[in-house]
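What you see is a predicted model; the values in this text were computed from it and never measured. We name chains A, B, ... by the order of the sequence lines, and we start the count at 1 in each one.
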Amino acid sequence: MLQVQVIREQKQAVINGLQKRGLKEIEASLDTIINLDNKRKETQRKQDDLQAESNTLAREIGNLMKSGNKEEAEKLKKRTSEIKETVASLNADLTQIEVDLQKELYALPNVPTEKVPAGKSADDNITVHTFGSIPELAENALPHWDLIKKYDIIDFDLGIKISGAGFPVYKGKGAKLQRALINFFLDEAEKQGYREIQPPIVVNEASGYGTGQLPDKEGQMYHATADNLYLIPTAEVPITNLYRDLVMNEAELPVKNVGYTPCFRREAGSWGAHVRGLNRLHQFDKVEIVQIRKPEESEKALDEMCLYVQSLLEKLELPYRKLLLCGGDMGVNSAITYDMEVYSAAQKRWLEVSSVSNFETFQANRLKLRYKNKEGKTQLLHTLNGSALALPRIVAAILENNQTEKGIRVPKILQAYTRFEMID
RNA sequence: GGAGAGGUGGGUGAGAGGCUUAAACCAACAGUUUGCUAAACUGUCGUACGGGUUAAACCGUACCGGGGGUUCGAAUCCCCCCCUCUCCGCCA
C-alpha cells in the first residue's frame, strides 16, 4: 500500500512509475485519493474541535454538580447533547471516507523503481544474465513426467487417490532427492548469514492482510473455515508477519531469515496444456529467504540476494537466465523483481524457479513495520524476499537435463546429501 | 470437548464512574560522579491522526484485546465477539 504522503509529494513520479505497468488514467485516481484525504482531514478537524468543547463542558458540569448548581448544569447538558449528535454524524462520515480511501489505496500497485523497464507482458522482460549452455539430449530424451514413471520416483496417480490432482507423492529416491535439495538450500543459506526459521504453515486473517494476500488473492489460498485459518502459499507470509506491528531498533537490523515450508496454492483457473507434471502443483516445497532492511540498504541487498540464488543454480550445474521483469509482468506488491529461469531440456522451455523482489515500503506500510532511525524518528522499513529455491521445477530440470542411458545423474554437490549418484 | 481465571504502555503491575494528564517498579536512552566495571543521583522516555513550525517547541483528538451501548462524563458499568492461561478429558 502506497502512503498518501508519497502520492501528494511525488505525484508525478508515481504517475511515471505506474505508467510502466501499463496503467491508464492514473492521475484521476491519484486525485481521487488526495481529495478523499483532504475531506478526511477537514472532517476530523471539525470532529476534534467539537469533541474538545464537549470534554470541557463535561468537566464544568461535574464541578457544577458538586457545588450543587443543578440549573446551570442542566443548561450545559443541553449543549453537550447537541454536540453529541453532530459528532456522531461527523464520525459516520469519517468512517465512510476512510473506507473509500483505503479501497482506493488498496487498488494501487507499487511504483516500479527507475531500473524497471516499461512493458505489458513477459515479452518485454529483459534478460540481464545467462549461465551455462543448453544441453544436447539424445533423440529419445523424455520429459520429466515420463521419467518419474520410468524410475518410479514421483506418483501423481497415488496423489489423486488420496488428495487430488496437483498433489504428487514422492517415493524412494524421489523423496530423498526432495530432502537433499531442502537441506542443501538451508545449509547454503546459513553460510550466507541467514537464520533458519520453522514457522507454522497455517496463518490467521491478520497475517493474510499483512503481506497482501488478502483481500486481493483470497481465492488463491486454501481456507480452513472451521478455524478461519489459511494454508500458506509461501513462507514469505508467516516469516514476514513475524515483524508485523513492530518498531525495531537499528541494532536488530538487518534481518536475514530463511525458512523451508510446503506451499499450498489453489491455482484456481490457471490450469492449461503447458502446466503438465511438476510445472504447476497445489502443494510444493520451497525454501524462502526474507530480508528486512533500512531503506538506503535495500537496493544492494536485492543484488546480493540475486547473486546468492544464482550461486545455487550454478552449484547445481543448471543453465539459467536472469530476467529483469517489466512493469506489466511484476506482482502488485513489488517495486522491482528479478526472475531466475532454468532451462528444461526435454520440454525445451525456460521454467521460473525463483523470483527475487524488493517491496520497498509497500508491504511494510501494511504490516506497520518500522524502525527508529538515528534522529529518533519512526520510519518504514524495506522488505525483500526471494525463492531459494522452489523445488518442483528444479527437480524437473535436473531429471530432464541429466538423463543418460544408465539413469539420471545427481548433481555432484547434492550427492553428499542424497548419498547416491544415480537415479536408476 | 467441559469448567474456571484473565487481557492496562517495551516488560511487571496498580487503578473498580469526575482527584488519571494511566501510579509505581523494571528495562532503555542522555547527563553527573568514578582508575575500569558496577553502583548512586538527575533528567528523558507510548502510538496514530489533525493543527502549528524552515525545523522544533507547543496545542487538540483518539487509543487500557476488538466492536456496540448506558452517561453531561467510562480503563472502570452493560451486551456481543476475539484471544491467552489454568485444570479435567482426549492425544503424537
Side-chain angles (χ1 to χ4, degrees), chain A residues 1-9 33-105 198 200-210 214-215 223-230 238 241-253 255 262 292 361 364-381:
Chain A
M1 188 166 58
L2 295 176
Q3 299 167 88
V4 179
Q5 199 190 347
V6 170
I7 294 172
R8 279 181 183 280
E9 289 170 6
I33 286 168
I34 293 170
N35 286 335
L36 279 169
D37 194 49
N38 287 339
K39 237 161 85 183
R40 178 186 63 83
K41 285 186 189 182
E42 192 190 319
T43 311
Q44 193 184 328
R45 193 178 168 183
K46 280 185 198 161
Q47 192 192 318
D48 284 356
D49 287 347
L50 284 173
Q51 198 66 252
E53 187 183 345
S54 169
N55 287 346
T56 311
L57 287 174
R59 250 169 271 137
E60 282 176 27
I61 291 168
N63 290 334
L64 288 170
M65 300 283 255
K66 245 184 254 170
S67 60
N69 194 343
K70 284 207 172 154
E71 267 177 47
E72 198 60 29
E74 286 303 320
K75 265 191 213 166
L76 294 184
K77 275 194 194 179
K78 244 184 205 170
R79 173 64 186 148
T80 52
S81 58
E82 280 169 33
I83 291 175
K84 216 173 155 186
E85 271 176 45
T86 318
V87 166
S89 117
L90 284 172
N91 192 257
D93 293 348
L94 191 61
T95 305
Q96 187 56 49
I97 291 165
E98 278 168 352
V99 167
D100 293 345
L101 181 59
Q102 189 172 62
K103 203 174 138 202
E104 291 289 330
L105 285 170
Q198 265 195 33
I201 59 172
V202 293
V203 294
N204 58 25
E205 225 177 338
S207 297
Y209 279 97
L214 295 174
H223 188 190
T225 51
D227 296 293
N228 198 24
L229 292 169
Y230 293 87
N241 271 285
L242 297 174
Y243 301 89
R244 167 154 49 84
D245 276 323
L246 228 55
V247 180
M248 301 187 75
N249 293 321
E250 215 170 335
E252 298 173 275
L253 295 166
V255 169
I292 297 169
T361 58
N365 191 30
R366 263 205 209 184
L367 285 165
K368 298 198 176 70
L369 168 55
R370 294 150 297 171
Y371 81 113
K372 274 214 196 302
N373 66 18
K374 285 200 177 72
E375 291 84 51
K377 279 213 167 185
T378 311
Q379 195 181 350
L380 288 173
L381 282 159

Enquirer: Tell me the salt bridge (Lys or Arg N to Asp or Glu O under 4.0 Å) pairs involving residues 85-98 of chain A, sequence neighbours left out?
Expert: none

Enquirer: Take atom CD of E205(A) and atom C1' of C83(B), then tell me their distance rounded to the nearest Å.
Expert: 14 Å

Enquirer: Whole angstroms only, please: what is the CD-C1' distance between Q3(A) and A48(B)?
Expert: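 Whole-Å distance recorded here is 14 Å.
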
Enquirer: So which one's nearest nucleotide on RNA chain B is more toward 5', V247(A) or S81(A)?
Expert: V247(A)

Enquirer: Any donor-acceptor pair under 3.5 Å linking the side-chain atoms of N365(A) with those of R370(A)?
Expert: no

Enquirer: What's the gap between C25(B) and C41(B) when it is taken at their P atoms, as a whole Å value?
Expert: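 One P to the other, the span is 11 Å.
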
Enquirer: Quantified in whole Å, what is the C1' atom distance between nucleotide A16(B) and nucleotide A75(B)?
Expert: 10 Å

Enquirer: For a quick test of reading the model, state the closest non-hydrogen atom pair linking T86(A) to L50(A) and the distance between them.
Expert: CG2-CD1, 3.7 Å

Enquirer: What's the CD-P distance between E42(A) and C49(B), to the nearest Å?
Expert: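 Rounding to the nearest Å, CD of E42(A) and P of C49(B) are 19 Å apart.
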
Enquirer: Between CG of L367(A) and OG1 of T361(A), what distance do you get to the nearest 0.5 Å?
Expert: 11.0 Å

Enquirer: Considering only the C1' atoms, how many Å lie between G15(B) and C90(B), rounded to the nearest integer?
Expert: 41 Å

Enquirer: Check for a donor-acceptor pair, side chain of N241(A) on one end and backbone N or O of S207(A) on the other, with a separation under 3.5 Å.
Expert: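 Present.
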
Enquirer: Heavy-atom count around Q198(A) CD within 6.0 Å, excluding the residue itself: above 12?
Expert: no

Enquirer: Give the minimum heavy-atom separation between R79(A) and L57(A), together with the two atoms involved.
Expert: CG-CD1, 3.6 Å

Enquirer: C1' atom, C88(B) versus A27(B): distance in rounded Å?
Expert: 39 Å

Enquirer: Step by step, work out the side-chain contact (heavy atoms from CB on, under 4.5 Å) result for L369(A) and R244(A).
Expert: CA-CA 6 Å; L369(A) 168 55; R244(A) 167 154 49 84; over 6 Å; no

Enquirer: Would you mind reading off the distance between D49(A) atom CG and C49(B) atom C1', rounded to a whole angstrom?
Expert: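 It is 13 Å, rounded to the nearest whole Å.
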
Enquirer: Atom OH of Y371(A) and atom P of G46(B): how far apart are they, to the nearest Å?
Expert: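 Atom-to-atom, Y371(A) to G46(B), this comes out as 20 Å.
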
Enquirer: What is the distance from atom CD1 of I34(A) to atom CG of L101(A), rounded to the nearest 0.5 Å?
Expert: 10.5 Å

Enquirer: Distance between the C1' atoms of G9(B) and A62(B), in whole angstroms?
Expert: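 Looking at atom C1' only, G9(B) and A62(B) are 16 Å apart.
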
Enquirer: Hey, could you give me the CZ/CG distance between R8(A) and N38(A), rounded to the nearest 0.5 Å?
Expert: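 Here the rounded value is 4.5 Å.
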
Enquirer: Do any of residues 88-97 of chain A sit with a heavy atom less than 4.0 Å from RNA chain B, and if so which?
Expert: none

Enquirer: Find which nucleotide of RNA chain B each of D227(A) and R370(A) is nearest to by heavy atoms, and output the residue with the more 5' nucleotide.
Expert: R370(A)

Enquirer: So, using side-chain hydrogen bond (donor to acceptor under 3.5 Å, both in side chains) as the criterion, who are the partners of Y243(A) when residues are at least two apart?
Expert: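 Partners of Y243(A) by the side-chain hydrogen bond (donor to acceptor under 3.5 Å, both in side chains) criterion, ordered by chain and then number, come out as R195(A), N257(A).
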
Enquirer: What distance, rounded to whole Å, do you find between the two P atoms, one in G51(B) and one in A55(B)?
Expert: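 Nearest-Å result for G51(B) against A55(B) at atom P: 13 Å.
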
Enquirer: Whole Å only: how far is the CG atom of N228(A) from the P atom of C82(B)?
Expert: 11 Å

Enquirer: Ignoring backbone atoms, test whether K84(A) places a side-chain nitrogen or oxygen under 4.0 Å from the OP1 or OP2 oxygen of G73(B).
Expert: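 Result: yes.
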
Enquirer: Using atom CD of Q5(A) as one end and atom C1' of A48(B) as the other, report the distance to the nearest whole Å.
Expert: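 Answer to the nearest Å: 14 Å.
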
Enquirer: Stems in RNA chain B: runs of 3 or more consecutive Watson-Crick or G-U pairs, distances under 3.5 Å?
Expert: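 So far as stems of 3 or more pairs are concerned, RNA chain B shows B:1-7 with B:82-88, B:10-12 with B:24-26, B:28-32 with B:40-44, B:46-51 with B:58-63, B:65-69 with B:77-81.
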
Enquirer: What integer number of Å spans the P atoms of C64(B) and A23(B)?
Expert: 15 Å

Enquirer: What distance, rounded to whole Å, do you find between the two C1' atoms, one in A22(B) and one in U47(B)?
Expert: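 It comes out at 15 Å once rounded to the nearest Å.
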
Enquirer: Sub-3.5 Å donor-acceptor pair from the side chain of T95(A) to the main-chain atoms of N91(A), do we have one?
Expert: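 Flag set: sc T95(A) to bb N91(A) pair under 3.5 Å.
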
Enquirer: Listing time: all N or O pairs from protein to nucleotides 50-52 of chain B that are below 3.5 Å?
Expert:
from, atom 1, to, atom 2, distance (Å)
G50(B), OP1, R40(A), NH2, 2.8

Enquirer: Before you tell me yes or no, could you show the steps for K46(A) and E42(A) under salt bridge (charged side-chain N to carboxylate O under 4.0 Å, His left out), namely the whole-Å CA-CA distance, both residues' side-chain angles and the distance that decides it to 0.1 Å?
Expert: CA-CA 6 Å; K46(A) 280 185 198 161; E42(A) 192 190 319; 3.8 Å; yes

Enquirer: What is the distance, rounded to the nearest whole Å, between atom CG of L36(A) and atom C1' of C49(B)?
Expert: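 Going from L36(A) (CG) to C49(B) (C1'), I get 16 Å.
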
Enquirer: Drop me the distance from I97(A)'s CD1 to Q44(A)'s CD, to the nearest 0.5 angstrom.
Expert: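 The CD atom of Q44(A) is 10.5 Å from CD1 of I97(A), to the nearest 0.5 Å.
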
Enquirer: If I compare all heavy atoms of I83(A) with all of S54(A), which pair ends up nearest, and what's the gap?
Expert: CG2-CB, 3.9 Å

Enquirer: Which parts of residues 51-62 of chain A get close to RNA chain B, meaning a heavy atom less than 4.0 angstrom away?
Expert: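 Contacts with RNA chain B under 4.0 Å: Q51(A), A52(A), N55(A), A58(A), I61(A), G62(A).
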
